[in-house]
2 protein chains.
Amino acid sequence: MHMKIGEVADAAGVNVQTLRYYERRGLLKEPPRTPSGYRKYEADAVDRIRFIRQAQDLGFTLNEIDELLELRVDDPGRCPTVEARADEKLAEVRRKIGELERMETVLSGLIASCRSRSPTNDCPILEVLEDSEHTQMEGEHIDGMD
Amino acid sequence: MHMKIGEVADAAGVNVQTLRYYERRGLLKEPPRTPSGYRKYEADAVDRIRFIRQAQDLGFTLNEIDELLELRVDDPGRCPTVEARADEKLAEVRRKIGELERMETVLSGLIASCRSRSPTNDCPILEVLEDSEHTQMEGEHIDGMD
DNA sequence: CTTGACTCTATACCATGGTATAGGGTTTAC
DNA sequence: GTAAACCCTATACCATGGTATAGAGTCAAG
C-alpha cells in the first residue's frame, strides 16, 4: 500500500533528490516513516508531484505552486481569503491562456504562409504582442543620438 | 530615431544588464554602434524583449524562445524545416492551453464552492490532472514495506 | 570645463531549482 | 550471511537567468 521514495519518484518521473527537495521547500508534507526511518508515501503524492511539474511547465514558480496547493476551503472562516487568492490565480491563468492563444494564432498563420510559400523577412512571431494594450509613447522623440 | 540601451530597457521594463545578457545569448542581434561605441537600437527591439519576457512567463526557456524567434520563412528552401518546427511549437502551445484550461475550470469550481461554503478537506487543485491520460499501473502491489 | 548621468567591457556574484557525492544504515534475493 | 540495491542525512556542486560592481570613457547642462 505504501510507496518508498524511489517508487514515487519513478512513478512521477522525477529524481529522488527532487522529492526530498520539495519536502524541504514545504511543497510536500513530511510523510510518516518506517521504524528504520524510510519515508512512506501514499499514492496521491505522485499526483501532487505531477501537478508541480505541470505547473512549472506553465511558468509558475515553486512559491506560486505552493500557493496554488494551499487553495482549499477546509475552514469556512478562511473562505474570503481563499476566494480572493483563487480569483487572482484565475486571472493569471486566463491571462496566460490569452497569450498562448495569440501564439497559437500566429503559429498557425506562419504554417499557412509556409505552405503557400510566401516568404516574409520579418519575424512573424512578434505579432503575438500585436493586440496587447501597451499604450506606447510612439511619437516620443529622442535626440542627441549619433 | 535610435534608442540608447537605457531607453530600450526602460520601455521594455527590464534591466540594462539583461539586454546585454540577451545579446550575448544571441536572443538580440548585435545592434549598430555610435562612433563612440554606444549601442543604437530600433524601436522594434522593445517588442522583441517584451515577447521574450512574455514567453518566459509562459514557461518557455530562453533556448526555446530563441527557436520561436527563428521561425520565419525568409528563404523558401527552409520552408519544410520551419513548418515542422512551427508544428511542434504549435502542439506545445496547445498542450499548455489545455492544461491551463483545466486549471481555470478547477479554480472556478473552487471559487464557486467557496461561495456556497461547502468545505473540502482535500486539495481541489489536484483535480487538474484528472483528465490527463496517465494509464497508471493502479493495481500494482508493493509489498515488504513496514 | 566640469559635474552628473549615462555608456562601455569584464568579472563577480546571486536566486531558483535542482543534482551529485560522501559516509552510513537497511532490505531483498541469492 | 552477504552482496546489490535501496534508504538516510549532510553538504557540495551545477545550470539557468539574470544582477551588481569595478574601472574607464562619453555626453548634455550649466
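Everything numeric here is computed off the predicted structure, so don't read it as measured data. The basis for the numbers below is simple: all heavy atoms, side chains too, and nothing from hydrogens, waters or symmetry mates. The sequence lines fix the lettering, A, B, ..., with proteins before strands; numbering per chain opens at 1.
Across the interface with DNA chain D, nearest-nucleotide mapping of A:Gly6 and B:Asn15 shows A:Gly6 to be the residue nearer the 5′ end. Residue-to-nucleotide proximity on DNA chain C shows that, of B:Ile5 and B:Gln17, the 5′-proximal contact is made by B:Ile5.
Look at CZ on A:Arg33: it is 19 Å from P on D:dC6, rounded to the nearest Å. B:Met3 has its CE atom 14 Å from the P atom of C:dC6, to the nearest Å. For the pair A:Tyr38 OH and D:dA5 P, the computed distance is 14 Å after rounding to whole Å.
Within residues 19-26 of chain B, the residues approaching DNA chain C are B:Arg20, by heavy-atom distance under 4.0 Å. Within a heavy-atom distance below 4.0 Å of DNA chain D, no residue of residues 56-66 of chain A is found.
Residues satisfying the side chain to side chain contact (heavy atoms under 4.5 Å, CB included) test with A:Arg25, not counting sequence neighbours, are A:Tyr21, A:Leu27, A:Leu62, A:Asn63. With sequence neighbours excluded, the residues forming a side chain to side chain contact (heavy atoms under 4.5 Å, CB included) with A:Glu23 are A:Glu30, A:Pro31, A:Arg33, A:Arg39, A:Tyr41, listed by chain and number. Residues passing the side chain to side chain contact (heavy atoms under 4.5 Å, CB included) test with B:Thr105, sequence neighbours excluded: none.
Within the structure, every side-chain polar atom (N or O) of A:Ser36 is placed at least 4.0 Å from both OP1 and OP2 of D:dC8.
Direction change of the helix axis from one end of the helix from C:dC1-D:dG30 to C:dC30-D:dG1 to the other is 10°, with five pairs defining each end axis (rounded to 10°).
Checked options B:Met103, B:Lys96, B:Glu99, B:Glu104; the residue passing with A:Ile97 is B:Glu104 (criterion: side-chain contact (heavy atoms from CB on, under 4.5 Å)).
Within the 4.5 Å cutoff, side-chain heavy atoms of B:Leu71 are placed close to those of A:Leu107.
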